[in-house]
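One structure below.
Proteins come first, then strands; the chains are lettered A, B, ... in the order of their sequence lines, and each starts at number 1.
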There are 2 protein chains.
Amino acid sequence: MKEGPDIARVAALLGDPARANMLTALMSGRALTAAELAQEAGVTPQTASSHLAKLEAGLIITQRKQGRHRYFTLSGPDIVEALEVLMGIANRVGHNRVRTGPKDPELRHARVCYDHLAGDMGVALFEGLTQQGLIETGINGVALTVNGIEFANAFGIDLDALHSKRRPLCRECLDWSARQSHLAGSFGAALLDRFYDLGWAKRVADSRIVRFSTEGERQFRELISR
Amino acid sequence: MKEGPDIARVAALLGDPARANMLTALMSGRALTAAELAQEAGVTPQTASSHLAKLEAGLIITQRKQGRHRYFTLSGPDIVEALEVLMGIANRVGHNRVRTGPKDPELRHARVCYDHLAGDMGVALFEGLTQQGLIETGINGVALTVNGIEFANAFGIDLDALHSKRRPLCRECLDWSARQSHLAGSFGAALLDRFYDLGWAKRVADSRIVRFSTEGERQFRELISR
DNA sequence: TTCATAGTTCGATGCTAATCGAAGCATTGA
DNA sequence: TCAATGCTTCGATTAGCATCGAACTATGAA
């Protein structure tokens with residue numbers, strides 16, 4: 001027989017559309033209930049239950065019972081890493097889900113993509129940071145420059161805390177509405193969190209829309225065009 | 001509906017045992033023929049052909065026709081990355097088969113992981129440097145100690161030049177054959193470069209194997225056990 | 001107790017995909 | 001030209017698994 005870690009078993013667990021949808025929904029780090037995950041995946045609760053049982057048996061996710069809810073989370077940062085690498089490959093080889101996107105202008109303007117900013121604002125952020133020499137795109141992907149590290153600290157982002165995670169700091173993510181890159185990875189996520197904290201933007205409930213306040217958007221524009 | 005890269009499609013391609021075996025065989029960097037891959041996967045040539053067609057259609061591998069042979073290679077370094085991450089997960093969750101890591105003993109001994117040294121030699125390097133107090137592992141990752149800086153200068157590594165790059169100087173990287181850490185980051189890469197320069201080791205063409213000369217390995221052992 | 005909500009288990013169904021034998025191309029060498 | 005090798009295509013079989021309706025368990029609230 002063959003030797004080595006059984007990657008097929010793990011990959012097969014990620015290789016079902018319903019399960020992949022659930023897992024990407026969990027990438028935000030938030031714990032979600034079985035019902036929420038079922039809706040996220042577009043399947044009935046029974047089907048979701050079966051998938052969740054498989055993912056748990058495979059130690060991809062863990063669950064925590066609380067009252068009559070069951071909260072699921074990814075079992076470790078390596079799962080996030082795997083999902084991000086797979087997203088990168090899917091982008092490269094052009095395996096994108098093509099759906100005639102909702103024409104909702106707010107969604108096109110600013111929305112969350114897992115846990116970071118996407119849409120026109122996300123693309124603007126990526127371009128602004130690049131223009132200012134704060135991030136650089138090389139053969140190994142995107143990375144913070146020395147100036148970028150300074151910028152992050154000044155903006156109130158604890159890079160050490162992010163570094164300690166296994167997840168890559170910066171990563172490109174193809175924007176489906178703008179067809180350009182926006183910034184993913186733990187730094188991308190931290191930036192969006194900071195925008196929330198500063199009160200520049202809020203997430204609209206039950207939607208992927210990120211709504212910037214007038215003042216918030218002004219300050220955001222200033223930040224990326226400094 | 002959903003947006004974004006279609007992870008499931010890519011993961012499903014990696015999620016079949018036969019295909020996963022083929023892909024891991026290709027991780028060595030060598031181009032292999034359809035027949036070799038069939039044997040590696042333990043399936044008949046017909047079945048292998050079908051799998052290879054799928055992998056090629058999914059742009060996971062590429063083929064090169066040469067005479068009546070067809071040589072297959074992975075389509076990019078991101079595939080290697082994905083396989084390594086998946087191996088890490090499989091290890092963590094205990095989805096193992098008999099032995100870990102690459103089959104080829106030379107690959108297990110010393111190979112490149114992107115641009116730094118991995119395998120038994122890589123792990124030995126990491127341990128040796130730690131033992132001598134040249135690097136230290138803290139909550140924020142690995143860092144050079146004062147003695148380590150001295151060591152680096154004495155060994156002919158220009159730390160200032162490395163510092164100017166945006167890439168972290170030291171970084172831990174889990175070795176998938178030895179299941180222990182080896183040293184990545186720009187310092188890890190610089191060390192390997194230095195080994196090449198000193199003639200201690202050479203990279204084997206069309207492969208990830210790093211081959212140390214007898215004398216080179218002796219000096220390497222001395223360096224890390226001083 | 002009774003009802004509502006959250007989630008699971010069971011069973012049936014239907015689809016997909018892996019597998020291999022047999023036959024078919026294509027290339028090379030004699 | 002013929003034979004051998006390397007690989008693919010075709011067809012049939014099989015097995016696994018995703019899916020959902022229906023029924024069941026568990027928790028909480030009235």
Out of C/dT19, D/dC20, D/dA18, which has the shortest distance to the side chain of B/Ala18?
-> C/dT19
Distance test, side-chain N/O of A/Lys54 to OP1/OP2 of D/dA18, below 4.0 Å = yes
Rounded to whole Å, the CZ-C1' distance (A/Arg70 to C/dT5) equals 14 Å
Considering only heavy side-chain atoms of A/Thr47, the closest of D/dC20, C/dA18, C/dG7 is D/dC20
Within the structure shown, what part of the strands sits under 4.0 Å from B/Ala38 by heavy-atom distance: base, sugar-phosphate, or nothing?
-> nothing
Expressed in angstrom and rounded to an integer, what is the separation of A/Asp16 atom CG from D/dA18 atom P?
-> 5 Å
With the side chain defined as heavy atoms from C-beta on, A/Ala34 is closest, among D/dT8, C/dT19, C/dT8, to C/dT8
Quick one: do B/Leu52 and B/Phe72 satisfy side-chain contact (heavy atoms from CB on, under 4.5 Å)? Show the steps, please.
-> CA-CA 9 Å; B/Leu52 290 168; B/Phe72 294 88; 3.7 Å; yes
Nearest-Å distance, CG (A/Leu13) to P (D/dG16)?
-> 16 Å
Rounded distance (Å) that lies between atom C1' of C/dT8 and atom CG of A/Leu55 | 16 Å
Chi angles and distances behind the salt bridge (Lys or Arg N to Asp or Glu O under 4.0 Å) call for B/Asp78, A/Arg92 = CA-CA 9 Å; B/Asp78 50 357; A/Arg92 174 170 72 77; 2.5 Å; yes
Rounded distance (Å) that lies between atom C1' of D/dG6 and atom CZ of B/Arg64 = 16 Å
Side-chain-base donor-acceptor pair under 3.5 Å for A/Gln46 and C/dG7 | no
Can you figure out which of C/dT9, D/dC7, C/dG21 approaches the side chain of A/Ser49 most closely?
-> C/dT9
Is there a side-chain polar atom (N or O) of B/Lys65 under 4.0 Å from OP1 or OP2 of D/dG6?
-> no
Ranking D/dT27, D/dC7, C/dT8 by distance to the side chain of A/Phe72, first place goes to C/dT8
Among the nucleotides D/dT19, C/dA6, C/dT19, whichever has the atom closest to the side chain of A/His69 is C/dA6
Could you check whether the rings of A/Phe195 and A/Phe220 sit parallel, tilted or perpendicular, using 30° and 60° as the cut-offs?
-> perpendicular
Which whole-number value in Å describes the distance from B/Leu14 CG to C/dA18 P?
-> 13 Å
With distance as the sole criterion, is a donor-acceptor pair present between the side chains of A/Thr62 and A/Thr73 under 3.5 Å?
-> yes
Measure from the side chain of B/Pro45, starting at C-beta and using heavy atoms only, and say which of D/dT8, C/dT8, C/dC20 lies closest.
-> D/dT8
Residue whose nearest DNA chain D nucleotide is more 5′ - B/Gln63 or A/Gly42 | B/Gln63
What is the distance, rounded to the nearest whole Å, between atom CG of A/Leu37 and atom P of D/dA18?
-> 16 Å
Look at the side-chain N and O atoms of A/Arg19 and state whether any lies under 4.0 Å from the OP1 or OP2 oxygen of D/dA18.
-> yes
For the pair B/His69 and B/Tyr71, name the ring-plane relationship: parallel under 30°, tilted 30 to 60°, perpendicular over 60°.
-> tilted
